[in-house]
Structures are given as C-alpha cells and as structure tokens.
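Take a look at the structure below.
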Amino acid sequence: MQRLRDAIDHYNASRARFWDDDYNTLTAPGPAAEDAIARLRALEPRPLPAELEEFYRRFGGLGNQDNTESHCMELPGPAALAEELARADEWQRIRSLGLVDVIAHSWGNDRPEFEPGANFRQPELDALNARYRCFGWYRTDTVGESAWYVYADEADRFGALYYDQDGFGSVERLLRAMLGASPARQSLEEVLCEGVERARQAMIEWNGDGEEDAA
C-alpha cells in the first residue's frame with residue numbers, strides 16, 4: 001500500500017502550507033495488534049475483507065490529529081470499531097458494520113430517513129446492511145454535514161457513497177440502485193487514495209491560497 005503512504009505524505013505537505021501545528025495532520029497509528037483484529041472478527045458475523053486486514057496490519061487506521069469536520073479522514077482501527085460494536089448504550093453503539101447502520105451511527109444513531117417505512121422498508125434496509133459493510137468515512141468541505149462512506153460489497157470490492165444531510169433524494173436513488181447491483185469496482189487502497197486526494201483538494205480550496213498542487 002505504498003500509494004496510500006504517498007497520498008498521506010502529499011496531503012500533509014499541503015497541510016503544512018496552512019498550519020504550523022498538528023491540528024489537521026493526517027496520521028496512521030501503525031500496525032494494529034492481532035488481538036484487536038481478532039476481536040473485531042469475533043464481533044462481525046462475516047469474514048473481514050483480506051485487504052482491510054492488510055490495511056489494519058500496516059496502517060492501523062487513518063485519521064486527522066484533531067479535525068473531524070472538513071477535509072479529513074475517519075477510518076477507525078479495529079480496536080475502536082470493536083469497542084463501538086460492543087457498547088451497551090444503544091445511542092453510542094454501532095448496531096452492525098452494515099452501511100446503513102454505520103451511516104446512522106456517524107449521526108448519533110439518529111437519521112430519520114432510515115426509519116423503517118420513511119424511505120425504505122425494513123427488508124430493504126436489512127438487505128443494504130447485509131450486502132454492504134462500512135468501515136469508516138471521510139469528509140470534504142461541508143463542516144460535518146456530509147461524508148463519503150467507505151464500504152465493501154459481498155465480493156470484497158470497495159467503493160465510497162456520498163451522503164449529504166441536505167440531499168437525501170440523491171442518496172436514496174443511489175441506495176436503491178445498490179439493491180439491484182453493486183457499483184463497487186475499486187480496491188481499498190484506490191478508494192482511500194481517492195479520499196485523501198479529495199480531502200486534500202478541499203483543504204486547499206477551503207483555505208483559498210489559490211495554489212493547486214499536482215495530484
């Protein structure tokens with residue numbers, strides 16, 4: 001996954017143009033412990049994608065030092081994901097790694113669009129959660145109002161679904177299409193490199209220095 005390491009370094013080189021401190025530095029904590037990966041496996045009824053385990057063993061996770069609002073990544077490590085899956089409080093717990101459940105979790109488990117009958121019937125929500133699993137998200141420039149959710153389909157192909165709280169109509173159309181066929185075509189590294197670059201470009205645009213780095 002050298003391409004991802006290079007993308008992280010490129011992001012941080014751009015970050016250094018705008019901040020002297022580490023607030024927005026993109027970091028990976030390093031290899032995850034095998035027992036943390038094993039605990040996540042035990043809490044997840046389906047095998048984890050092999051490429052995801054490779055990512056955990058090399059990077060451990062991916063996130064910004066403090067920034068969680070815009071032009072940032074939030075790919076928790078296996079220990080953090082397992083902790084969220086095991087919480088007793090239903091408002092803090094990730095109900096499952098299903099795509100719909102993780103989207104709802106990232107909004108405090110309070111997304112009325114996903115209440116059964118609001119836009120999708122319960123069997124449709126169950127199908128989306130069964131076919132697509134989500135392992136984190138990244139944000140571009142809407143200050144916590146949207147995110148790209150990184151998911152794997154049943155064939156362990158990866159993709160990212162864009163969700164904006166002010167534009168559920170387009171999300172609904174995408175999810176309905178996903179009930180028919182998976183749009184995922186990428187590797188995890190490709191999805192994450194794309195996400196880091198989108199976040200980097202949003203950071204540049206947000207700070208308005210007028211300089212565009214080469215991708």
Side-chain angles (χ1 to χ4, degrees), residues 4 7 26 40 44 46 48-49 51-52 55-56 59 61-64 67-78 80-82 84-85 92-115 118-120 124-202:
L4 179 56
L26 185 58
L40 182 59
E44 166 55 33
R46 295 159 289 179
L48 297 174
E51 194 180 1
L52 179 70
F55 167 75
Y56 288 151
F59 292 91
L62 188 60
N64 294 69
N67 176 24
T68 60
E69 292 189 346
S70 293
H71 43 77
C72 59
M73 309 291 293
E74 291 190 63
L75 273 291
L81 273 183
E84 296 299 311
L85 285 166
Q92 298 183 38
R93 182 174 66 243
I94 304 177
R95 293 165 186 154
S96 79
L97 291 180
L99 177 59
V100 170
D101 283 346
V102 174
I103 292 174
H105 172 75
S106 72
W107 294 88
N109 284 330
D110 184 20
R111 283 269 37 123
E113 300 96 332
F114 288 134
E115 288 297 318
N119 295 282
F120 294 91
E124 293 173 321
L125 295 171
D126 292 342
L128 288 167
N129 278 326
R131 295 179 191 178
Y132 305 98
R133 290 180 293 170
C134 183
F135 304 100
W137 55 87
Y138 61 88
R139 302 185 191 276
T140 48
D141 61 355
T142 55
V143 193
E145 294 185 358
S146 67
W148 295 80
Y149 291 88
V150 176
Y151 68 85
D153 66 11
E154 294 173 294
D156 290 349
R157 298 168 300 192
F158 288 83
L161 174 76
Y162 182 69
Y163 185 106
D164 189 313
Q165 68 171 355
D166 297 323
F168 187 74
S170 61
V171 179
E172 181 182 2
R173 288 190 291 274
L174 289 170
L175 291 173
R176 288 204 176 281
M178 290 169 72
L179 285 169
S182 171
R185 297 291 184 271
Q186 296 174 290
S187 69
L188 177 60
E189 183 174 36
E190 288 170 338
V191 169
L192 295 183
C193 285
E194 184 176 72
V196 171
E197 179 59 18
R198 280 177 173 154
R200 190 184 73 86
Q201 291 295 340

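No experiment lies behind these values; they were computed from the predicted model shown. All values below come from the heavy atoms of this structure, side chains included, with hydrogens, waters and symmetry mates left out.
With sequence neighbours left out, Glu51 forms a salt bridge (charged side-chain N to carboxylate O under 4.0 Å, His left out) with no residue at all. Partners of Val102 by side-chain contact (heavy atoms from CB on, under 4.5 Å), not counting sequence neighbours, listed by chain and number: Ile94, Cys134, Trp137.
The two residues Ser96 and Asp101 have their closest heavy-atom pair at OG-OD2, 2.7 Å. The nearest pair of heavy atoms linking Gly159 to Ala184 is N-CB, 4.1 Å. For Ala118 against Pro112, the heavy-atom pair with the smallest separation is CB-O, 3.5 Å. Heavy atoms only, all atoms of each residue included: Ala147 and Arg139 are closest at CB-NH1, 3.7 Å. Counting all heavy atoms, side chain and backbone alike, Cys72 lies closest to Ala199 at N-CB, 4.0 Å. In terms of heavy-atom proximity, Pro183 sits nearest to Met178 at CD-CG, 3.6 Å.
Note that the CG atom of Leu192 and the CZ atom of Phe55 stand 5.5 Å from one another [nearest 0.5 Å]. Rounding to the nearest 0.5 Å places CD of Glu84 at 11.0 Å from CG of Leu97. Of the inter-residue distances, the one linking Phe135 atom CZ with Leu81 atom CG reads 8.0 Å to the nearest 0.5 angstrom. Interatomic distance, NE2 of His105 versus CG of Leu85, reported as 8.5 Å (0.5 Å rounding). The distance from the CD atom of Glu172 to the CG atom of Asn119 is 4.5 Å, given to the nearest 0.5 Å.
Although no hydrogens or angles enter the test, the distance criterion places a donor-acceptor pair under 3.5 Å between the side chain of Asn67 and the main chain of Ser70. Of the possible donor and acceptor atoms, none in the side chain of Arg131 sits under 3.5 Å from a partner among the backbone N and O of Asp153. With Arg46 contributing its side chain and Ala130 its backbone, the two residues share a donor-acceptor pair below 3.5 Å. Using a distance-only test at 3.5 Å, with no hydrogens or angles considered, no donor-acceptor pair links the side chain of Asp164 to the main chain of Ser146. Side chain of Gln165 to backbone of Glu145: no donor-acceptor contact under 3.5 angstrom is found.
You'll find the side chain of Asp156 reaches within 4.5 Å of the side chain of Arg133, heavy atoms only. At least one side-chain heavy atom of Leu188 sits under 4.5 Å from a side-chain heavy atom of Phe158. Between Tyr132 and Leu161 the shortest side-chain heavy-atom distance does not fall below 4.5 Å.
In summary, of the residues considered (Leu125, Leu128, Leu175), a side chain to side chain contact (heavy atoms under 4.5 Å, CB included) with Leu99 occurs for Leu175 alone. Applying the side-chain hydrogen bond (donor to acceptor under 3.5 Å, both in side chains) test between Tyr138 and each of His71, Arg198, Glu74 identifies Arg198 as the sole match.
A tilted orientation is assigned to the rings of Trp107 and Tyr163, their planes being inclined by 30° to 60°. Between Phe114 and Phe168, the ring-plane angle classifies as perpendicular under the 30° and 60° cut-offs.
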Practice item. Report the C-alpha separation of Thr142 and Asp166 in whole Å, then their side-chain angles, then the decisive distance to 0.1 Å, and conclude whether the side chain to side chain contact (heavy atoms under 4.5 Å, CB included) test is met. Key: CA-CA 11 Å; Thr142 55; Asp166 297 323; over 6 Å; no
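Both the sub-6.0 Å distance and the 45° axial angle are satisfied by Arg176 relative to the ring of Phe120.
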